[in-house]
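To keep things clear, I will list the structure first and then write my remarks on it.
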Amino acid sequence: MQVTPLKRLADLWLGTDPVQRLRLRQTSLAMALMALCAPVLHYCVLIAHGERGPWLWLWTAWSVGGMALFYGCIRSGHSCRFADPSLTSVQIAFAISSAAFGYALAGPLRGAVFPVLTLILMFGMFQLRARSAYALSFFALVLFGAVMTTMALRQPDSYPPLVELGHFLMLALMLPAVAVLTARMSVIRQRLSQQRQDLARALAQLEVIATRDELTGLPNRRQMQALMDQELLRSQRHPHDFCIALVDLDHFKRINDSQGHAAGDTVLRHFAQAGQAALRATDVLARWGGEEFLVLLPDTPLPQAQAALERLREQVAALSVRIAEGGEIRLTVSIGLAAHRAGDTLAQTLARADRWLYEAKAQGRNRLQADAPTEAPAARLA
Ligand SMILES: Nc1nc2c(ncn2[C@@H]2O[C@H](COP(=O)(O)OP(=O)(O)OP(=O)(O)O)[C@@H](O)[C@H]2O)c(=O)[nH]1
């Protein structure tokens, strides 16, 4: 992808971390607004006093410089050590103080500060909690009240006390209303965030339900079918061997009948653990249905698959499952193993594994029957 000079500039200004970019975008917007307000205030002061004077320059340095400091603090990562790395509350408090200072300088055009003050508080709608919104509104009201009182006392001609009282009353109505709206936004934001988390959790659960067998935690039949389809596609693209084995617990009905269904479930769970432990991490053991399991051995030629499943059979035969009712159950498995042949369908390979399993059962159980490496198993079984 080509990097345009504009994107390079944006990366330089905002960095590349998406979370930091979001914070810096917000602060840059606030900084731009502050920079745009400066000439307007200069105009108001010129109209009111015919000259700009040192206080206005102090306001300009304080306001624009302060916002630049916020930007620097966030851009450098310095703010990450604070509870709110966006510094939202502090930035809003600072902007309120700048607006109050501007109000004291603006003279007859000071009413222009009120929409700016609303705008400043609206920045909090994206991030502030209800409590901070109320606190900042209160802070603004107190600060403006103090500035209005001071100006009415010191310059009653430009700031008539009754007019200032009217201004204050207007603020006393407007600021709590903005705080209430911000608080409501905060509740909506929290609800949305909770819903997003619930949805993500439900999706994760759904994925588990859709792909895992509830009793054993192994991949279920649907998931195994998908994995085998994938392996088939891979073997067609980059030819390699893979094998499929059907593993069936011997005389499992007897366990259920003599020890109960719960004991049968315990045995299934123990078999699943032992089976997984006996296989390689790349092999997949899945519950195919009932007491029948399926093993997919990707990228594995028949002799290796045979050795792996023989090891599994031996380890299961050595297993002793302790059941809740007391006592121990021993179990064995019969295994039918088939190597996939190029050109065959998965159903054909599975059918061959099934026939070998049938053969293993017929020959007395607790054994592995597999394709002969040199002989076509389909021919032998026919
Ligand atoms: N406890 C329990 N039993 C199950 C579950 N799924 C299937 N079964 C039982 O597994 C038994 C399978 O019995 P059969 O198909 O006769 O096979 P078997 O007794 O293992 O005999 P062979 O396969 O011929 O060695 C049945 O009793 C089923 O009820 C399960 O999730 N839990």
Side-chain angles (χ1 to χ4, degrees), residues 27 29-70 87-125 128-185:
T27 301
L29 183 63
M31 199 156 75
L33 279 172
M34 189 66 93
L36 288 172
C37 282
V40 178
L41 187 65
H42 279 240
Y43 170 76
C44 294
V45 173
L46 269 175
I47 295 269
H49 309 294
E51 58 163 352
R52 289 192 259 192
W55 285 108
L56 181 61
W57 291 112
L58 182 66
W59 178 90
T60 310
W62 157 260
S63 302
V64 181
M67 287 311 299
L69 269 180
F70 282 121
L87 305 174
T88 311
S89 295
V90 195
Q91 284 197 61
I92 291 178
F94 173 80
I96 290 170
S97 72
S98 164
F101 191 176
Y103 183 88
L105 299 175
L109 292 173
R110 59 191 177 282
V113 171
F114 295 140
V116 176
L117 184 61
T118 316
L119 196 64
I120 290 168
L121 290 166
M122 276 173 69
F123 268 82
M125 285 187 175
L128 287 188
R129 289 295 180 97
R131 189 197 290 229
S132 309
Y134 289 125
L136 283 167
S137 286
F138 184 69
F139 169 70
L141 196 62
V142 170
L143 192 62
F144 270 81
V147 170
M148 285 165 179
T149 311
T150 310
M151 296 312 288
L153 290 173
R154 295 190 60 187
Q155 297 178 19
D157 293 341
S158 307
Y159 291 78
L162 285 179
V163 172
E164 289 316 291
L165 180 65
H167 281 167
F168 182 77
L169 289 175
M170 201 183 86
L171 276 190
L173 285 176
M174 187 200 86
L175 289 175
V178 176
V180 168
L181 286 179
T182 307
R184 284 180 65 179
M185 283 286 283

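Hydrogens, waters and symmetry mates are skipped; everything else that's a heavy atom, side chains included, is used.
- Atom CG of Leu162 sits in a sparse spot, with 12 or fewer heavy atoms from other residues, nucleotides or ligands closer than 6.0 Å.
- Atom CG of Leu69 is separated from atom OG1 of Thr27 by 12.0 Å, given to the nearest 0.5 angstrom.
- Within a 6.0 Å sphere centred on CE of Met122, heavy atoms belonging to other residues, nucleotides or ligands number 12 at most.
- The side chain to side chain contact (heavy atoms under 4.5 Å, CB included) test with Cys37 singles out one residue from Val113, Val116, Thr60, Leu119, and that residue is Val116.
- For the atom pair CG of Leu41 and CG of Leu46, the computed distance is 10.0 Å after rounding to the nearest 0.5 Å.
- Atom CG of residue Leu121 and atom CG of residue Leu128 lie 9.0 Å apart, to the nearest 0.5 angstrom.
- Of all heavy-atom pairs between Ala93 and Phe139, the closest is O-CE2, 3.6 Å.
- Checked by atom type and distance alone, the side chain of Arg154 never pairs as donor or acceptor with a backbone atom of Met151 at under 3.5 Å.
- Ile120 CD1 to Gln91 CD: the interatomic distance, rounded to the nearest 0.5 Å, is 11.0 Å.
- Heavy-atom minimum distance, Arg110 versus Val163: NH2-CG1, 3.7 Å.
- At distances below 3.5 Å, at least one donor-acceptor pair connects side-chain atoms of Ser137 with backbone N or O atoms of Leu175.
- A side chain to side chain contact (heavy atoms under 4.5 Å, CB included) with Leu136 is found for exactly one of Ile92, Thr182, Val178, Thr88, namely Ile92.
- Note: Met174 CE to Leu169 CG = 13.0 Å, rounded to the nearest 0.5 Å.
- Closest approach of Ala48 to Pro108, counting heavy atoms only: CB-CD, 3.5 Å.
- Side-chain atoms of Met31 and Phe70, non-hydrogen and from C-beta on, never get closer than 4.5 Å to each other.
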ask   = Do His42 and Leu56 pass the side chain to side chain contact (heavy atoms under 4.5 Å, CB included) test, and can you show the C-alpha distance, the side-chain angles, and the key distance before you say yes or no?
value = CA-CA 7 Å; His42 279 240; Leu56 181 61; 3.6 Å; yes
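- Separating the CD1 atom in Ile96 from the CG atom in Leu141 is a distance of 10.5 Å, to the nearest 0.5 Å.
- In this structure, the ring of His167 has its center less than 6.0 angstrom from the ring center of Phe114.
- In terms of heavy atoms, Met148 sits closest to Leu171 at CE-CD1, 3.8 Å.
- For Leu143 against Ser97, the heavy-atom pair with the smallest separation is CD2-CA, 3.5 Å.
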Practice problem: Begin from the C-alpha positions of Thr149 and Phe168 and carry the test side chain to side chain contact (heavy atoms under 4.5 Å, CB included) through to its verdict. | Solution: CA-CA 9 Å; Thr149 311; Phe168 182 77; over 6 Å; no
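- For Tyr159 (side chain) and Ala104 (main-chain N/O), a donor-acceptor pair under 3.5 Å exists by modelled atom type.
- Ring centroid separation for the pair Phe94 and Trp62 comes in under the 6.0 Å cut-off.
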